[in-house]
Amino acid sequence: MPEIILHQYDSSPFAYKARLYMGFKKLAWRAVDIPMVMPKPLLMPITGGYRKTPVMQIGADIYFDTSLIAAELERRHPSPSFYPAGGEAMAQIFTAWADQNLFLPAANFSLSLVAEKLPAAFFEDRAKMMNRPVTPVEKMKAAMPLFKMQMCLQLDRLSNLLSDGRSFLLGDKPGLADIAVEHPLWMAAKNSGKRSAAAFDPYPLVRAWIDRVDAIGQGARTPMSGEEALAVAKAATPEAPRASEEIEGAPKLGSRVSVQTEDRAPEPVVGEVVFVARNEVAIRRSAPEVGDVVIHVPRAGFVFRPAA
Ligand SMILES: N[C@@H](CCC(=O)N[C@@H](CS)C(=O)NCC(=O)O)C(=O)O
C-alpha cells in the first residue's frame, strides 16, 4: 500500500488532530510541511485549490478534512478502532461540538497569548480567507480575557463530564471523541503554560485528560518534500472507486461539479464525480504536476455545484 502522506504544519491544531490519528492507529507516515499562509504552490496541484490544513494523500488519492481523514483511516486500519464501545455517533456529536463551540474561543485565546510573535502576514492571510478586516495585534491581546472566558464556559462542561472519574470522554478507552475535543485545547494549553493566563488551573480534571490524550502520540513520522509528494501522486494510479450509494440530493455519478467549503470561499475544486456515499463524494481531476488524482471530500461542510 502506498505511504500515508500528511500535508501539514506543526502549529496547526487540525494537523495535530490528524497526527494524533496516526498515533492512535500506530501508523508510520510522511510529513510534508506546507506554509501556514497562502501561497502554497506545491499543495495547489495536489488539491486543485483547497488550501486548508491538513490534507491526506495516499498515492493518487487525496482526502480533505479531518472528519473524512478519520473515516478513511478507520476503513483502511480498523484496529484499534476510533470508536470503542461503538461510539461512532457520539464521536461525531463531540466533533461537531468541538468544531463549532470550542475551536474558535480556544484558538482565539491561544493566538491572543502569542499574537505579538506572529508575522503580520498571518493575520492578513486569515482576514482574507475569512473575508473580514485584519484584526490589529493590540485588539487581539486586549480581547484575551473575553476569549479565555468563552473557552472556560466550555471547559466547565468537560470538567463536569470527567467528574465521575472516567479517563476518557466515552469511558475507559480513548477514541476519536477525545482527539476531536482535545485538539483545540492542545494549543491553548501549550501557549498558556505557567503564565498568569493559565486558563486550565481551575480545571485539573481537564488538564489531566489533555495529558492522557497527548500521550496517544503521533505515530512514526518521517519528512517528505513537497516535490516528492507531487512525484508520488504522478507515479500512482487512483484506487478504483468502490460501489456508490443512491443518495437523494447528492451529486450524480459522472457529472462535473465544483466543490467549496461551506464556511468560506476559496478557489473551488472542479472534477468529475466518481464515487458517492453517505459521508463522501469523490471527484477525479488532473493536472500536469500530478496526472490523474481522485479527491475525496466529506459531504458535510462542503457545497457541491454543477460545473461546466
Ligand atoms: N474542517 C477542517 C478545518 C481545517 C482548518 O481550518 N485548518 C486550519 C489550520 S488549524 C486552516 O486550514 N487554516 C488555514 C491554512 O492552514 O491555510 C478539518 O477538519 O480539516
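Residue indices begin at 1 and follow the sequence shown.
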Do the non-hydrogen side-chain atoms of [X] and [Y] ever get within less than 4.5 Å of each other?
| X | Y | value |
| --- | --- | --- |
| Arg207 | Asp201 | no |
| Met44 | Met38 | yes |
| Asp65 | Lys52 | no |
| Leu73 | Ile4 | yes |

### Task
Report the C-alpha distance between Phe64 and Val269 in whole Å, list the side-chain angles of each, state the deciding distance to 0.1 Å, and finish with yes or no for side chain to side chain contact (heavy atoms under 4.5 Å, CB included).
CA-CA 11 Å; Phe64 290 179; Val269 182; 4.1 Å; yes
Between side-chain atoms of residues 222-241 and protein atoms elsewhere (two or more places apart, or another chain), which donor-acceptor pairs fall under 3.5 Å?
from: Thr222; atom 1: OG1; to: Arg30; atom 2: NE; distance (Å): 3.2
from: Ser225; atom 1: OG; to: Glu228; atom 2: N; distance (Å): 3.1
from: Lys234; atom 1: NZ; to: Pro288; atom 2: O; distance (Å): 2.8

## Note on the structure
The ring-ring contact (aromatic ring centres under 6.0 Å, His included) partner of Phe24 among Phe82, Phe168, Tyr83 is Phe82
Indicate the atoms forming the closest heavy-atom contact of [X] with [Y], along with that distance.
| X | Y | answer |
| --- | --- | --- |
| Asp292 | Ser286 | OD1-CB, 3.1 Å |
| Gly271 | Arg285 | CA-CB, 4.4 Å |
| Arg299 | Ile247 | NH1-CG2, 3.4 Å |
| Ala308 | Arg256 | O-NE, 2.9 Å |
| Val293 | Ile46 | CG2-O, 4.3 Å |
| Ser79 | Lys25 | N-NZ, 4.5 Å |

Roughly how far, to the nearest 0.5 Å, is [atom2] of [Y] from [atom1] of [X]?
| X | Y | atom1 | atom2 | result |
| --- | --- | --- | --- | --- |
| Leu43 | His7 | CG | NE2 | 6.5 Å |
| Leu102 | Arg157 | CG | CZ | 10.0 Å |
| Leu6 | Asp33 | CG | CG | 10.5 Å |
| Leu111 | Phe109 | CG | CZ | 11.0 Å |
| Glu246 | Lys252 | CD | NZ | 7.0 Å |
| Thr95 | Leu176 | OG1 | CG | 5.0 Å |

[X] side-chain N/O to [Y] backbone N/O, donor-acceptor pair under 3.5 Å:
| X | Y | answer |
| --- | --- | --- |
| Ser159 | Leu155 | no |
| Thr47 | Gly49 | yes |
| Lys40 | Arg51 | yes |
| Trp29 | Gln218 | yes |
| Arg19 | Asp10 | yes |
| Gln57 | Gly59 | yes |
| Arg166 | Gly171 | no |
| Asp178 | Gly175 | yes |

### Test side chain to side chain contact (heavy atoms under 4.5 Å, CB included) applied to Leu162 and Val206, step by step
CA-CA 7 Å; Leu162 293 165; Val206 176; 4.3 Å; yes
What do you reckon, is [atom1] of [X] surrounded by more than 12 foreign heavy atoms closer than 6.0 Å?
| X | atom1 | value |
| --- | --- | --- |
| Asp172 | CG | no |
| Arg278 | CZ | no |
| Arg284 | CZ | no |

### Query
Which is it for Met140 and Asn108 under the side chain to side chain contact (heavy atoms under 4.5 Å, CB included) test, yes or no, and what are the steps along the way?
CA-CA 8 Å; Met140 191 83 196; Asn108 279 335; 3.9 Å; yes
### Message
Apply the hydrophobic cluster definition, ILVMFWY joined by side-chain contacts under 4.5 Å directly or through others, and give me every member besides Ile93.
### Response
none
### Query
Parallel, tilted or perpendicular: which fits the ring planes of Tyr50 and Phe302, with parallel below 30° and perpendicular above 60°?
tilted
### Query
When the ring planes of Phe14 and Phe103 are compared, do they come out parallel, tilted or perpendicular, using 30° and 60° as the limits?
tilted
### Working for side chain to side chain contact (heavy atoms under 4.5 Å, CB included), residues Leu158 and Leu185
CA-CA 11 Å; Leu158 271 181; Leu185 299 175; 3.7 Å; yes
### Side-chain H-bond candidate by donor/acceptor type, Gln154 with Asp156, under 3.5 Å
no
### Task
For this output row, return yes or no: ring centroids of Tyr16 and His183 closer than 6.0 angstrom.
no
### Message
Name the residue from Met187, Met151, Lys190 that meets the side chain to side chain contact (heavy atoms under 4.5 Å, CB included) definition with Ser110.
### Response
Met187
